[in-house]
There are 2 protein chains.
Amino acid sequence: MNSETNRPTLMPDFERVSTETVQSRVHGRLRELLMLGRFAPGHPLKIADLAEAMGTSAQPVRESIRQLVAERALEALPNRSARVPGMTLERLEDLRRVRLAIEGLAAELATERATAEDIDALRALMAVGIEADNSGAIDTTVQMNKRFHFALYAIAGSSTLLPFIESLWLQIGPIMRQSAAIFDGRGGRGNEMHARMVEGLDRRDKEAVREALADDISRSFNLLAKDLARTAERPAG
Amino acid sequence: MNSETNRPTLMPDFERVSTETVQSRVHGRLRELLMLGRFAPGHPLKIADLAEAMGTSAQPVRESIRQLVAERALEALPNRSARVPGMTLERLEDLRRVRLAIEGLAAELATERATAEDIDALRALMAVGIEADNSGAIDTTVQMNKRFHFALYAIAGSSTLLPFIESLWLQIGPIMRQSAAIFDGRGGRGNEMHARMVEGLDRRDKEAVREALADDISRSFNLLAKDLARTAERPAG
DNA sequence: ATCTTTGACATATGATCACAAATATGATCG
DNA sequence: CGATCATATTTGTGATCATATGTCAAAGAT
């Protein structure tokens, strides 16, 4: 620890809910940054830089990076350094397929278990999401989309599924901002699907919810695939 | 590094194919031990003990443990220590559901892509597995079962799916030995399913392969569930 | 002119130490 | 004799340092 903790316990019971280690703070921060697409694909993550930026030693950062590699959010290079993985058409298609299977299952489970309050909460999140869409704030749009989806998946109540979904979102995070930007130009289609999901939940129609989710995923992936193909043609730009 | 490497490069080009760090050796070893069920559920993993057992410092071990927590192979306690997660009926059912979805998808993809050589390789693995069954060697049975399944999943060629499957197997590893022991008393049913899978691959029948896999998974899970319920009745053991 | 080698630099890795947190142990008091 | 608090022990965490390794560029050889 650094200068902050040199004084002997001057602070009150400040944020001491449970195990609040430096490591967990660093890891949470990095995950958040990755999921919201604040690191571009191909960006190399240097332990020393991140440690300095977060005001810690290298130790917590290096362990966090190792954890992120295990979660497939980063890839380990032969250099022994780590970077944000690049996206190819094959990987995008692979991610789409797996997201449909895993998040589709979560959506079905959620449909079985959702209470009226759960559905109301989703509706509220959706409302904020629509607002963000209309205001054109990309960051907020991305964040609200994530909040809506994870609220849905939390309802599923599968502690096995959730970490996989988080891993998937860590992997698509770096290109999600891009997707949102494209979407933004075409009007907020994402919340259309969200509305269909909520409607399906209301009717306890598993298939409807799964299909709305599938459309949500596929639509954004199709746009990204097109964008990726375009960028591949002219590698310089 | 320890005494082994104190002499200056006396060994030839011994296993120096690529980045062979102490960390990767430690991690590989721990994964193997977990997947083959060599740690019982609830067993606490102590950094110092493992470090001494492997002849390294604590550093590689602690990073490996953190990685294993990220892969859900271990669970972090509020103590900040880590242990092998215990198994409950709910978690077992959750794992079953997710395995069916994820490994089922992998099986379908494999069916699409399998070449004649791939299928022959699977047949060969199955033959060794049957041999192990008949000889009653639990360790070998577990290992060959794992080899067969992962050979199948490798054919699927999904670099997104494979880490998830590995995570799942790390989670069921600690109780798999138990499952194999139960199976052993009832004759090697697992290889029956394997035979059905190979047959389905031959006919490129996705549904058949998926169903054989589902039966394989469900049968072992049903036995484990029964065993778990029985142990729950008399908690003393 | 091109290929190979050497060496400097950047960076991660592994070991070690001081500290902090949690738990277990034992003493003291009611 | 039992409860509670102080203390000791155990174990993980964060920081620091020496070393190994990979990368890149410059110099030398073919």
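By convention in this document, chain letters (A, B, ...) are assigned in the order of the sequence lines, proteins followed by strands, and residues within each chain are numbered from 1.
- Judged by distance alone, with hydrogens and angles left aside, the side-chain atoms of A/Thr141 form a donor-acceptor pair with the main-chain N or O of A/Ala137 at under 3.5 Å.
- Atoms CD (B/Glu20) and P (C/dG14) sit 10 Å apart, rounded to a whole Å.
- Summarising the geometry, the separation between CZ on B/Arg80 and P on C/dA20 is reported as 11 Å, rounded to the nearest angstrom.
- Figure legend: cation-pi geometry between A/Lys146 and A/Phe150, with NZ or CZ positioned under 6.0 Å from the six-membered ring centre and within 45° of its axis.
- Proximity of a side-chain donor or acceptor of B/Asp118 to a complementary backbone N or O of B/Thr115 within less than 3.5 Å is detected.
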Write out a two-atom table: protein N or O, nucleotide N or O from nucleotides 7-11 of chain D, distance below 3.5 Å.
residue: D/dT11; atom: OP1; partner: B/Lys46; partner atom: NZ; Å: 3.3

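- In this structure, of C/dG14, D/dA15, C/dT23, it is D/dA15 that holds the atom nearest to the side chain of A/Gln59.
- Look at B/Arg66 and you won't find any side-chain N or O under 4.0 angstrom from OP1 or OP2 of D/dG12.
- Between A/Trp169 and A/Tyr153, the two ring planes are perpendicular [angle over 60°; tilted spans 30° to 60°].
- Sequence order on DNA chain C of the closest nucleotides to A/Ala48 and B/Arg62 puts A/Ala48 first from the 5' end.
- Listed candidates were C/dT13, D/dG22, D/dG14. Nearest to the side chain of A/Asn79 is D/dG22.
- Nucleotide C/dA12 holds its P atom 14 Å from the CZ atom of A/Arg83, rounded to whole Å.
- Salt bridge status for B/Arg96 with B/Glu93: present, with a side-chain N to carboxylate O gap under 4.0 Å.
- Ionic pairing of B/Arg31 and B/Glu166 is present here: one or more N-O contacts between side-chain nitrogen and carboxylate oxygen are shorter than 4.0 angstrom.
- Here the straight-line distance linking atom CZ of B/Arg91 with atom CG of B/Leu228 works out to 10.5 Å at 0.5 Å rounding.
- Among the heavy atoms of the strands lying under 4.0 Å from A/Gln23 are primed sugar atoms or P, OP1, OP2 only; no base atom is included.
- In this structure, B/Ile65 places its CD1 atom 13 Å from C1' of D/dT13, rounding to the nearest Å.
- Under 4.0 angstrom from either OP1 or OP2 of D/dA15 there lies at least one side-chain N or O belonging to A/Ser57.
- In this structure, the CG atom of A/Leu77 is 19 Å from the P atom of C/dA10, given to the nearest Å.
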